[in-house]
Structure formats: C-alpha cells, structure tokens
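Here the structure is laid out as structure tokens; the discussion comes afterwards.
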There are 2 protein chains.
Amino acid sequence: MEDIRVGLVEDNMTIRTSLKQCVEMTPACSLAFAAGSVESALDVLSDFEFAGVDIILLDIGLPGMSGLEGIPHIRHKLPDVDIIMLTTYDDTERIFEALTKGARSYISKKTSLKVIMDAVTTVYRGGSYMSPSIARKLVDHLSGGKKKPNLKSLSDRQMDIVRGLANGLSYKMIASQLNISIDTVRSHIKKIYKILEVNSKIEVVNMFK
Amino acid sequence: MEDIRVGLVEDNMTIRTSLKQCVEMTPACSLAFAAGSVESALDVLSDFEFAGVDIILLDIGLPGMSGLEGIPHIRHKLPDVDIIMLTTYDDTERIFEALTKGARSYISKKTSLKVIMDAVTTVYRGGSYMSPSIARKLVDHLSGGKKKPNLKSLSDRQMDIVRGLANGLSYKMIASQLNISIDTVRSHIKKIYKILEVNSKIEVVNMFK
DNA sequence: ATGTCAATGACATGTTCATGTGGTTTTTAG
DNA sequence: CTAAAAACCACATGAACATGTCATTGACAT
C-alpha cells in the first residue's frame, strides 16, 4: 500500500483544515505537516529529523514570502519533493513562473477536493495534472508564442546572416563562414534592418528567438 | 443541449470504429466526419457545403501526410476548429511540435474512451486536457528548459543592465533609463562579461532568453 | 529585351562597443 | 568597526558596428 506523505502550506485556516481532513481521509495519503507560511514550513522541514514529504500543496497568496518565492527555497531543502501549486490566481505570468521554478502542477482552488487528491496521486506517480483552463493557457502560450511574422519576409541568404548574428558571430566571422566579403555582410544587414525596421543586431536576434 | 460536432482522422479501422461509436453514443456529441487521412479529411471539408466541425481528433501516424503536417492545413481551412492529437507517440519533440502548430490537446491513445470524450467536452468549453504523462513532459520542459545557471550570480543591478541589453538598448539608452553614467554601464558590463565568460552583448542576451 | 530584385562587393564616416586602468562612495557581512 | 562587495564615475584606444552611396552580376518575369 502506497503512503504518500503530503505537506500543506496554506494560510487560510478554513481551506487548510478542509485540505487536512481530506488528506487524512484519503487512504493512500498521510499528512506530513501543515503550515501557514513558507517560512514556518521551512522551519518544520529543517528543525528536527523529518519523516519526509512526497508532495507539497503550496498556496501562492501567503503572508511573508509568497508561494512563488518559496518554491526555490523548498526545492533547495527538499530536491525530490513534488510541488503542486494550489491557487486562485490563473494569470499566465504566475503559471509560467511557478512551472519554470519547478512546480509540477498548477491547480485552481476552485477545483474539487477529490480532483485535488487525484492530482496528488497523479503527481506522485510521475505525472502532472493541470486544470483545463490552466492547461489551455499553457497551450495557447506555446502556439501563440512561436509566431515570428516579420521573419517570413527575409530571403534564404538573409536568414543565413540572421543565424550568424543569433549565434553571436561578428560580421567578420559571418563573412568567412559564408565565404563572402564583410562588405556583403554589411549590405545584407542593412537590408535586413530596413525590412524588420530595427537598427541593431540584438533587435534582429530578439525577433526570431 | 449542446451539440459538439466531432471529426475523426484515424487510419486504423478498429480504433476509428470504436471512436465513431463512442462519439455517437455520447449525447452531447455527434459525428461530423470520419476520415483515414488528412488528405481525405480536407476533401470532405472543402468539397461541398459542410455542416461544420467543432473538434477534430487527429492521429499522428497517418498514411500520406502525417497528423503533424496536417495541423496547419486543417487550421487553414477551419481556423476555429479545435484539434486534439490522439496518438501513441509521446516524445517531447512531437508534443511540442503539435502544440506549437496549434493543437489544443495531446492525448495518449492508451487513454480510456471515456476520458477522451471528457477531453472533447473540456476543449469545446475552452479548456485543454493533457494526459498526466504528457503534462509532465511539458512541465519538465519548462523547468528544465529555462535554467540559466550562470545568471544566478548576477546582482540586481547587473540584471537591470542585462534587461536593457536584452531589449536592444544601447549603453547610452540604458544609462539614461537607469539614471547613471554611461561609464558606469560600461563598468557593469565589463563585470558581467567576466562573470558569464562572454565578450559580446548578444552572448549575454542569448544566455538568459 | 528590359526592368526588377537578390546577392555580391567597395569605400567612407561617424557611432557604439569591448577593454584597460584607474578611482570614489555606499552597502553588506563578519 | 572594518573589510569586502557592489555601485558609481572618468578617460583612453582600437575594434566592431550602423549607415550611406554606388556598382556588378545573374535570375526571373513581363
């Protein structure tokens, strides 16, 4: 029988209590700790020999250090713990920040307790659960973020130049790489700048990265 | 009562038949079409006045044009259709390619028919469903892909400078933006170069983008 | 055939950058 | 309190870059 040790970091007592009860009522889970802030959670985790935590449900809106700020601290102390963000905020910025900082899942607080516990076991088994609306934001970001409209109007040769710039090469290096004169590189870049309406290498690179 | 019109593109007859039955047995759904390849699906979609499709379940391993290649074609004809990839492949490359090309969800074929149909309604309502293992790969990619080990050793002020560089600003512009002398900007950048072991603006920008 | 356009190249001028070697003043940590 | 770290500033030099104008070639379309 698996025993998933779950930690809670949530300042709202009402929610914390119901989560606590829910964890204790789930056969596969047991409560490792319940804290009201990242600071006190870190205390619990370091003070004495700790039994271990598999999953931490972490709120974002916490007094003191925010959940977002807390992620690296927790992961530093417990590199193997899986963090599930449990929050009312669903703006793309926060979602991405949490996930890039190492959270495994991001769940809306509106989600039913049952689904939250399902997410816990899912994450414990090496998966990840996303609320549909969160998942959609992720997906939209992927499909929307990859567009590079201006770039389409560059010729093949111009793209060669851009690739060189993107790799941090100097004009001279691009010239020798493409076996052309440095003045030709200049000519190309002048045209590229006009097409893309920019006036520095970095802006060009930014445009297609 | 909502009526979600579902299209199928799947060459394996066995799977296609069971999906077809499943769609027809779901009250909220009806079958818009069932094709064995992207090519024939596109035919169906363009030949005559078509009733409309809300969701397309799209296989990747198709004869002729692959599902991946098919995504842009389908979206070109039906910009508002939501595409759900339904596939046995779960490598990160394919997942990302599908999602960046505009697929809304990516589901393993091992998933039960019930969950697949749940995903259809979820997507129809503006969400996105990911198999836990797929979601995990996405998340891992985010947290793994965004690592910038060298950058951590930069001070706040140095980060201000880096942000300026990343936005394509010149030293002069950074200086006025931060209300410091251009020589101070130079000093900072010299240190940044040493810390990051690079020697051009572009390499710095590349490092944290 | 003729004109447009991409690719090539040269020359010139002023600007910005990379890099060095000095400093001073805050902040921060021991 | 003191030493180190971070932030601030100045001056100097050669390299790289941004930008302009002009010219040649070959491909492709009208």
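All figures in this text were calculated on a predicted structure; none of them were measured in a lab.
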Round to a whole Å and report the spacing from [atom1] of [X] to [atom2] of [N].
{"X": "Gln158(B)", "N": "dC8(D)", "atom1": "CD", "atom2": "P", "result": "10 Å"}
{"X": "Arg186(A)", "N": "dT15(C)", "atom1": "CZ", "atom2": "P", "result": "16 Å"}
{"X": "Asp156(A)", "N": "dA7(C)", "atom1": "CG", "atom2": "C1'", "result": "12 Å"}
{"X": "Lys194(B)", "N": "dA5(D)", "atom1": "NZ", "atom2": "P", "result": "15 Å"}
{"X": "Lys190(B)", "N": "dA10(D)", "atom1": "NZ", "atom2": "P", "result": "13 Å"}
{"X": "Ile195(B)", "N": "dA5(D)", "atom1": "CD1", "atom2": "P", "result": "12 Å"}
{"X": "Ile180(A)", "N": "dA6(C)", "atom1": "CD1", "atom2": "P", "result": "16 Å"}
{"X": "Ile189(B)", "N": "dA7(D)", "atom1": "CD1", "atom2": "C1'", "result": "14 Å"}

Heavy atoms from other residues, nucleotides or ligands near CG of Asp156(B) exceed 12 (cutoff 6.0 Å): no
Is the shortest side-chain N/O distance from [X] to OP1 or OP2 of [N] below 4.0 Å?
{"X": "Lys191(A)", "N": "dA6(C)", "answer": "no"}
{"X": "His188(A)", "N": "dT8(C)", "answer": "yes"}
{"X": "Tyr193(A)", "N": "dA18(D)", "answer": "yes"}
{"X": "Thr184(A)", "N": "dT8(C)", "answer": "no"}

Taking only Lys NZ, Arg NE, NH1 and NH2, and the carboxylate oxygens of Asp or Glu, determine whether [X] and [Y] approach each other closer than 4.0 Å.
{"X": "Asp160(A)", "Y": "Arg163(A)", "answer": "yes"}
{"X": "Glu69(A)", "Y": "Lys101(A)", "answer": "no"}
{"X": "Asp59(A)", "Y": "Lys109(A)", "answer": "yes"}
{"X": "Asp82(A)", "Y": "Arg104(A)", "answer": "yes"}

Using only heavy-atom distances, determine whether the side chains of Glu203(A) and Ser200(A) contain a donor-acceptor pair under 3.5 Å. yes
Can you find a side-chain donor-acceptor pair between Ser131(A) and Ser108(A) that sits under 3.5 Å? no
Categorize [X] for me: base, sugar-phosphate, or nothing, with a 4.0 angstrom heavy-atom threshold over every strand shown.
{"X": "Ser187(A)", "answer": "base"}
{"X": "Asp183(A)", "answer": "base"}
{"X": "Ser181(A)", "answer": "sugar-phosphate"}

Side chain of Ser155(A), heavy atoms from C-beta onward: which of dA10(C), dT19(C), dA6(C) has the nearest atom to it? dA6(C)
Between the two end axes of the helix from dA1(C)-dT30(D) to dG30(C)-dC1(D), each built from 5 base pairs, what angle do you get to the nearest 10°? 60°
Evaluate Val38(A) against Leu58(A) for side-chain contact (heavy atoms from CB on, under 4.5 Å), listing each step before the verdict. CA-CA 9 Å; Val38(A) 173; Leu58(A) 179 58; 4.3 Å; yes
Can you sort out which residues in residues 167-178 of chain A have a heavy atom within less than 4.0 Å of DNA chain C? Ascending by number, please. none
